[in-house]
Asks: 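Sharing a structure below in structure tokens format, with a few things to ask.
Here is how names work: the chains are called A, B, and so on, in the same order as the sequence lines, proteins then strands, and each is numbered from 1. Fair warning: this is a prediction, and the values are worked out from it, not measured in the lab.
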There are 2 protein chains.
Amino acid sequence: MPYGLHSPIIAFMSESSSMQAVVMEGQGDGGTLSLKVVPKPTPGPGEILARVCTSGVNRADLLQRRGKHPAPEGWPKDILGLEFSGVVEALGADTARWKVGDRVMGLLGGGGYAEYVTTHGSNVLPVPDGITEHDAGAIPEVFLTAFDAAVLQMELSDGEVMLIHAVGSGVGTAALQIGRALGAVTIGTSRTPEKLTAASALGLDDAVLADADWPEKVLSVTRGRGVDLILDLVGGPYMEGNQRVIAPRGRHIVVGVPGGAAAQIDLGAMMLRRVTLRGTVLRARPVQEKAILTRAFEDRLLSFFSIGELKPVIDRVFPPEDAAVAHDVMASNKNFGKLLIRWE
Amino acid sequence: MPYGLHSPIIAFMSESSSMQAVVMEGQGDGGTLSLKVVPKPTPGPGEILARVCTSGVNRADLLQRRGKHPAPEGWPKDILGLEFSGVVEALGADTARWKVGDRVMGLLGGGGYAEYVTTHGSNVLPVPDGITEHDAGAIPEVFLTAFDAAVLQMELSDGEVMLIHAVGSGVGTAALQIGRALGAVTIGTSRTPEKLTAASALGLDDAVLADADWPEKVLSVTRGRGVDLILDLVGGPYMEGNQRVIAPRGRHIVVGVPGGAAAQIDLGAMMLRRVTLRGTVLRARPVQEKAILTRAFEDRLLSFFSIGELKPVIDRVFPPEDAAVAHDVMASNKNFGKLLIRWE
């Protein structure tokens with residue numbers, strides 16, 4: 001297969017020094033997105049060059065358009081996109097693990113909305129057997145984020161109860177599957193009944209409509225005990241409820257705050273229950289730290305995709321010229337699971 | 001020495017079935033304290049009976065008098081006191097480590113303001129060589145709390161910067177010594193200049209007066225980098241400042257909230273810096289968990305007392321009939337280090 005992919009015409013194209021990409025211009029009230037021809041990146045030492053099949057759209061991309069989530073040092077500033085899946089096209093020095101034609105996916109610090117990306121070989125994963133390299137674009141950011149937050153950082157263990165807010169989001173649908181695969185009980189909230197139905201079909205144990213009574217419902221479902229872990233994709237507005245439903249020694253990790261960052265907390269309640277609250281981001285981490293996460297995910301979870309225990313959840317796939325439409329869908333919270341941009 | 005302590009007269013007294021204790025009556029607006037004769041406890045399986053030399057006074061005792069910090073199941077409800085030092089007087093079954101006459105100290109769930117206490121042998125420490133069994137009463141609660149919070153839970157490591165609020169308190173003076181002994185840089189705040197002077201004499205690296213500008217001073221002392229760990233003995237009023245001075249991947253552990261439990265936080269700032277905030281208490285932990293802490297403290301820190309790197313800091317010692325006076329001193333924040341009640 002690796003050689004078969006490289007017909008003379010494709011080889012000629014790949015040697016071209018330019019590529020198409022969705023380029024952002026302007027910021028502040030909102031950068032505009034347009035498809036342009038830009039220079040194709042070249043892999044440096046330790047890096048691979050990948051031809052992109054699909055690029056995932058993330059909420060952070062919307063923030064970056066508003067000037068609120070700039071690309072870290074060393075990544076493209078004007079091309080959004082935090083993840084990709086595709087095929088290895090060329091290798092820099094010291095990339096012994098990979099070869100041209102390998103099906104790969106991974107996190108990026110930016111630059112994902114493009115026909116080609118370069119990234120460090122240590123931050124790349126093989127596309128699991130049984131998953132197409134197009135669907136795989138829905139895996140890296142949400143599954144690595146959920147795994148890192150719930151499992152590596154907060155040590156979710158077998159039999160614990162995990163509450164996932166905004167369970168219909170990309171990270172939410174990944175988290176519920178990971179929780180289920182690892183033997184946890186999962187409770188998910190959403191303001192949209194249809195998303196709860198879809199999450200239940202994916203294996204969510206308890207679906208809770210996020211109206212004013214959600215804390216009572218969560219307490220009722222757990223027979224008053226509360227939850228061991230909260231994976232929070234909402235933020236401030238749910239804090240009071242979160243403090244009510246968290247069990248002794250509970251851990252609460254904040255992965256996104258689309259509902260607002262300001263929160264009122266009761267430190268005395270946190271003391272009595274010995275609660276841990278942590279904020280986390282992936283994007284700005286150094287390549288070495290992302291490599292540790294990437295390998296831990298590969299070791300513990302990648303095989304679950306091949307046996308169907310974990311699956312990418314794709315809401316819709318857009319052509320590159322409709323990247324702004326994909327953003328509008330995400331901004332209106334209409335998607336269940338991932339939105340992808342498809343390049344080939 | 002162990003045998004010399006047991007003259008026939010003392011042996012006779014120890015066989016008496018009663019003892020003196022500071023007993024609390026009433027609650028709500030404030031339980032009253034009075035010296036009374038009460039039944040002497042008997043050691044159960046795994047427990048020791050100790051004759052108490054000194055009982056430490058803790059802020060939690062003041063809360064308990066106001067009905068806010070009840071004794072956990074299985075501990076005296078009407079005798080305050082969370083720690084003791086003294087001498088082993090009798091042993092229950094399965095207490096192979098200890099023998100009558102051993103100089104011991106330890107945490108209690110309650111009942112410390114008394115001539116005799118019983119506690120599980122696994123929760124007891126030897127009084128270090130070179131420390132009297134009277135001074136040792138100033139060790140358990142504050143040193144174990146600071147060690148547990150900063151070292152075991154928040155993994156303070158060599159070269160990190162620890163900020164200690166209310167550095168003149170019992171836990172504060174213990175934390176600064178532990179931080180120094182383990183190679184951390186310590187910054188302490190207090191509203192009282194004299195306490196800062198005394199803390200500096202104990203080895204505090206940077207003393208910061210807790211006026212409105214304390215966050216700027218902490219940032220200045222750390223050349224803008226901020227602090228890796230905050231040991232918080234104040235609570236809500238300092239939260240905004242704490243969020244400004246905490247470094248990336250910083251940890252903030254709340255051990256007491258005399259300043260107030262309500263706090264306003266910015267979850268977005270916690271995400272960007274990947275901050276951890278945790279509340280903790282020792283008292284309500286099960287005996288097995290306290291045993292693990294007790295042994296970790298013995299292994300890692302007890303020898304520091306014998307070489308003078310750690311020392312109990314005692315503000316004043318009171319006779320049992322003045323327990324309420326000791327509480328008034330603590331309530332007015334006048335003490336630097338520990339207040340003790342002496343029984344013999």
Asks: For a quick test of reading the model, state the closest non-hydrogen atom pair linking A/A261 to B/G268 and the distance between them.
Replies: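 Closest approach of A/A261 to B/G268, heavy atoms only: CB-N, 3.5 Å.
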
Asks: Can you name the closest pair of heavy atoms from B/G236 and A/L267 and give their distance?
Replies: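 Closest pair (atom of B/G236, atom of A/L267, distance): N-CD1, 3.6 Å.
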
Asks: Of all the heavy-atom pairs spanning A/M239 and B/I265, show the shortest one and how long it is.
Replies: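 Minimum heavy-atom separation between A/M239 and B/I265: CE-CD1, 4.2 Å.
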
Asks: Against chain A, label B/A262 side chain, backbone, both or neither, depending on which of its atoms sit under 4.5 Å from a heavy atom there.
Replies: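 It is both, since atoms from each part get that close.
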
Asks: With only heavy atoms counted, which part of B/V275 is less than 4.5 Å from chain A, the side chain, the backbone, both or neither?
Replies: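 When you check distances to chain A, only backbone atoms of B/V275 fall under 4.5 Å.
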
Asks: Enumerate the inter-chain donor-acceptor pairs under 3.5 Å for chain A and chain B, one line per pair.
Replies:
residue, atom, partner, partner atom, Å
A/R249, NH1, B/E289, OE2, 3.2
A/A261, O, B/L267, N, 2.7
A/A263, N, B/I265, O, 2.9
A/A263, O, B/I265, N, 2.8
A/I265, N, B/A263, O, 2.8
A/I265, O, B/A263, N, 2.9
A/L267, N, B/A261, O, 2.7
A/R274, NH1, B/E289, OE1, 3.3
A/R274, NH1, B/E289, OE2, 3.4
A/R274, NH2, B/E289, OE2, 2.5
A/V275, O, B/G279, N, 3.1
A/T276, OG1, B/R278, NE, 2.6
A/T276, OG1, B/R278, NH2, 3.2
A/L277, N, B/L277, O, 2.7
A/L277, O, B/L277, N, 2.7
A/R278, NE, B/T276, OG1, 2.6
A/R278, NH2, B/T276, OG1, 3.1
A/G279, N, B/V275, O, 3.1
A/E289, OE1, B/R274, NH1, 3.4
A/E289, OE2, B/R249, NH1, 3.2
A/E289, OE2, B/R274, NH1, 3.4
A/E289, OE2, B/R274, NH2, 2.5

Asks: Determine, step by step, whether A/M270 and B/V254 satisfy the side-chain contact (heavy atoms from CB on, under 4.5 Å) criterion, reporting the C-alpha distance in whole Å, the side-chain angles of both residues, the deciding distance to 0.1 Å, and the verdict.
Replies: CA-CA 8 Å; A/M270 287 185 72; B/V254 181; over 6 Å; no

